[in-house]
Structure formats: structure tokens, C-alpha cells
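Single-structure report; data block below.
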Amino acid sequence: MVVWIFILLFTALFSYLWSLLSLGSLWFIILYVFLGFVSSLIFVIILVFIFIFIVSKTRYDNKISHRILWHLLDFVRTILRIKLEVEGKENIPNDTFVVYGNHKSNCDVILVYLAYKKVMSAVAKKELASVPILRYIMKIFEVVPLDRNNEREGVRALLKAIKLVEGGYNMIIFPEGGIKTREYETTAGFKAGSFKLATKPEAIVSPISIIGSSKISKNFPWHKTKVKIIIHKPIPSSKYLAENTFELGEQVIKMIDEGVLTNKIQEV
């Protein structure tokens with residue numbers, strides 16, 4: 001919301017200054033509106049760099065930094081024409097937790113982060129760390145890059161993420177081990193090892209169902225996409241300590257898939 005106000009004010013000011021020339025032609029109007037949009041986009045980019053500079057001087061769990069990031073990512077959500085609906089906010093744990101959900105879009109982690117509005121990070125594929133600006137944001141907020149093609153590096157990444165959870169930091173992980181298919185919304189198998197992220201530090205497991213995100217890449221930019229996130233009742237450590245990671249995984253995946261299958265969303 002804050003970013004949008006800046007954009008509107010900046011565009012309005014730019015357009016007003018240009019209108020003072022009073023050329024009055026249609027092409028001129030189109031030109032200054034276009035340049036106003038471009039200048040606003042540049043302004044947002046500048047804001048992003050300022051944001052990166054400011055938060056790089058703070059701890060990754062600084063609440064103010066996360067609030068700023070929420071606004072920036074909400075702006076990204078708007079640009080991508082995604083309408084987000086969240087059900088079950090009352091199920092968000094107050095103590096340290098790990099989020100597990102189905103994975104059908106590269107936007108899933110952003111949408112989950114916006115749905116929870118909590119100080120949290122994620123385990124993400126290593127390829128994202130090669131994107132210039134994103135690389136710095138991931139580093140600042142302790143997003144753990146996971147190399148899915150290197151088992152040894154994968155174990156190291158998981159151990160790093162476990163230490164963050166032990167330190168009280170909430171995390172997001174997708175147990176499928178990547179986007180396996182967009183043909184259906186339910187999960188396509190799971191990696192039992194991903195549940196060690198919660199069981200080792202005995203954190204709360206917070207299962208979620210993401211419905212509609214598989215259509216984002218297909219709909220953008222011509223159509224809006226409605227995405228619904230259902231936050232299920234959390235599973236405290238006392239409920240899973242007697243289970244191994246595979247048994248816990250089966251329980252969580254069942255909750256996720258049932259949430260997907262029993263909830264339909266209408267097209268926007």
C-alpha cells in the first residue's frame with residue numbers, strides 16, 4: 001500500500017510538470033503518461049535498492065525490515081495480478097513453526113509469506129540465488145539455498161535451516177522438493193527428510209493448502225489469478241514425537257491434499 005501511494009504521487013507530479021508545457025496533443029498526453037509510468041518504475045527500483053541497503057545493516061529477524069518487505073512483495077503480487085485469499089489465520093502458531101505446503105508456482109513462497117505476515121524465511125532452490133537483486137534479499141533474510149542435485153550440499157543447507165529454527169526463526173519449505181507438475185494442485189510425492197527441519201528442533205508443523213497458484217504463469221499478464229491459501233490446524237511436537245519423518249510426512253501431505261480437493265475457487 002505504501003509503495004502504491006509513492007507511485008501514484010510520483011506519477012501525478014511528473015504528469016503535472018509535463019502538462020505545464022500545454023502542448024495539448026494526444027501523442028503528447030500518451031508520451032507523458034508513459035514516461036510517468038517508466039519514471040515511477042525507476043522510482044520503485046530505487047526504493048528497492050535503498051531497502052536492501054537499510055536492511056543489510058540489521059539482523060535478519062528485524063521486524064521493521066520484514067514490514068518493508070511485506071509492502072514490496074505485496075506490490076509484486078499486485079503487478080502479477082494475483083488476488084490472494086487466506087483462510088485459517090487463527091491457526092497461525094505463536095511459537096516457532098515450520099510451514100509445509102504443496103508447490104505449484106515460483107510465487108508460492110511470496111504468497112505464503114504474505115499470508116502469515118510473520119518474521120520468517122524459507123528453504124528455496126539454489127537457482128534463485130543467481131538472480132542479482134534477489135540474491136541479496138535472500139542473503140539478508142537468511143533464505144537457505146538448496147542444491148537439489150548435490151546430496152552433500154543439500155544436507156548442509158538443511159542443517160543450516162535447522163539451526164535457524166532452533167534459534168526461533170520460522171521457516172517455509174515445500175516437501176515435494178520442487179515444482180514437479182502444474183497439471184494438478186495436489187502434492188506429487190514428498191521428501192521425508194524435509195520434515196527434519198521441524199522434528200530436529202521440535203518446532204510446530206504448520207500445514208497449508210495452496211489452491212490456484214498453478215495458473216499464475218498461464219494467466220499472466222492478460223488475466224487475474226485468484227489464489228487461496230488454507231492454513232490448517234498446527235501440529236505441535238507432542239503430537240509427532242512418536243512418529244518418524246515418513247509417518248509425519250504422510251499425515252501432513254494428507255491434510256494438504258484434502259484441503260486442495262475439498263476447496264474450489266471461482267475464476268476471477
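- The two residues Ala203 and Val98 come nearest to each other via the heavy atoms CB-CG2, 4.3 Å.
- Contact of the Lys104 side chain with the Glu176 side chain is registered, since non-hydrogen atoms from C-beta on lie closer than 4.5 Å.
- Aromatic ring pairs are classed by plane angle as parallel below 30°, tilted from 30° to 60° and perpendicular above 60°; the pair His66 and Tyr113 is tilted.
- Salt-bridge annotation for Glu153 and Arg156: present, with a side-chain N of the basic residue lying under 4.0 Å from a carboxylate O of the acidic one.
- Considering all non-hydrogen atoms of both residues, Ser209 and Gly259 come closest at OG-CA, 3.5 Å.
- When every heavy atom of Gly88 is checked against every heavy atom of Ile231, the shortest pair comes out as O-CB, 3.4 Å.
- Separating the CE atom in Met255 from the CD1 atom in Ile230 is a distance of 11.0 Å, to the nearest 0.5 Å.
- Contact of the Ile229 side chain with the Leu84 side chain is registered, since non-hydrogen atoms from C-beta on lie closer than 4.5 Å.
- Using a 4.5 Å heavy-atom threshold, the side chains of Glu87 and Asn263 count as touching.
- Residues Thr96 and Asn170 form a side-chain contact, since some pair of their non-hydrogen atoms from C-beta on lies under 4.5 Å apart.
- Taking CG of Leu114 as the reference point, atom CG of Asp74 lies at 5.5 Å (rounded to 0.5 Å).
- In plain terms, the two heavy atoms of Pro175 and Ser194 that are nearest each other are CB-OG, 3.4 Å.
- Here the OG1-CG distance, from Thr199 to Asn244, works out to 9.5 Å after rounding to the nearest 0.5 Å.
- Cluster membership check: Tyr184 does not share its hydrophobic cluster with Ile211, using side-chain heavy-atom separations under 4.5 Å among Ile, Leu, Val, Met, Phe, Trp and Tyr.
- Within a 6.0 Å radius of NZ in Lys180, more than 12 heavy atoms belonging to other residues, nucleotides or ligands are found.
- Residues Leu241 and Val165 share a hydrophobic cluster, clusters being chains of Ile/Leu/Val/Met/Phe/Trp/Tyr side chains in contact below 4.5 Å.
- No donor-acceptor pair under 3.5 Å is formed between the side chain of Arg81 and the backbone N or O of Phe220.
- With hydrogens and angles disregarded, a donor-acceptor distance shorter than 3.5 Å links the side chain of Arg148 to the backbone of Gly177.
- Side chains of Ile210 and Phe174 form a contact here, defined as non-hydrogen atoms less than 4.5 Å apart.
- With rounding to the nearest 0.5 angstrom, the CG atom of Leu248 is 12.5 Å from the NZ atom of Lys196.
- One hydrophobic cluster, built from ILVMFWY side chains closer than 4.5 Å, holds both Phe141 and Val76.
- Annotation: side chain of Ile216 is in contact with side chain of Leu111 (closest heavy-atom distance under 4.5 Å).
- How far NZ of Lys233 is from OG of Ser206: 13.0 Å, rounded to the nearest 0.5 Å.
- Separation of atoms NE2 (His103) and NZ (Lys125) is listed at 7.0 Å; rounding is to 0.5 Å.
- Checking side-chain atoms of Glu250 against main-chain N and O of Glu247 turns up no donor-acceptor pair under 3.5 Å.
- Proximity of the aromatic rings of Phe97 and Tyr116 is defined here by a centroid distance below 6.0 angstrom, and this criterion is met.
- Between Val144 and Met171 the shortest side-chain heavy-atom distance falls below 4.5 Å.
- Heavy-atom contacts from other residues, nucleotides or ligands closer than 6.0 Å to CD of Glu183 number 12 or fewer.
- A donor-acceptor distance shorter than 3.5 angstrom exists from the side chain of Ser121 to the backbone of Val143, with no hydrogens or angles considered.
- Considering every non-hydrogen atom in both Lys118 and Ile92, the closest pair reads CE-CG2, 3.6 Å.
- A side-chain N or O of Glu185 and one of Ser214 form a donor-acceptor pair less than 3.5 Å apart.
- Here the closest heavy-atom approach between residue Thr225 and residue Gly212 is recorded as CG2-O, 3.5 Å.
- Tyr100 places no side-chain N or O within 3.5 Å of a backbone atom of Ile256 that could act as its donor or acceptor partner.
- Side-chain atoms of Asp147 do not come within 3.5 Å of backbone N or O of Lys126 as any donor-acceptor pair.
- Under the 4.5 Å side-chain heavy-atom criterion for Ile, Leu, Val, Met, Phe, Trp and Tyr, Ile179 and Val109 are members of distinct hydrophobic clusters.
- A centroid separation of less than 6.0 Å is found between the aromatic rings of Phe246 and Phe190.
- In this structure, the side chains of Met120 and Val99 come closer than 4.5 Å at one or more pairs of heavy atoms.
- In this structure, the side chain of Asn102 does not engage the main chain of Asp257 through any donor-acceptor pair within 3.5 Å.
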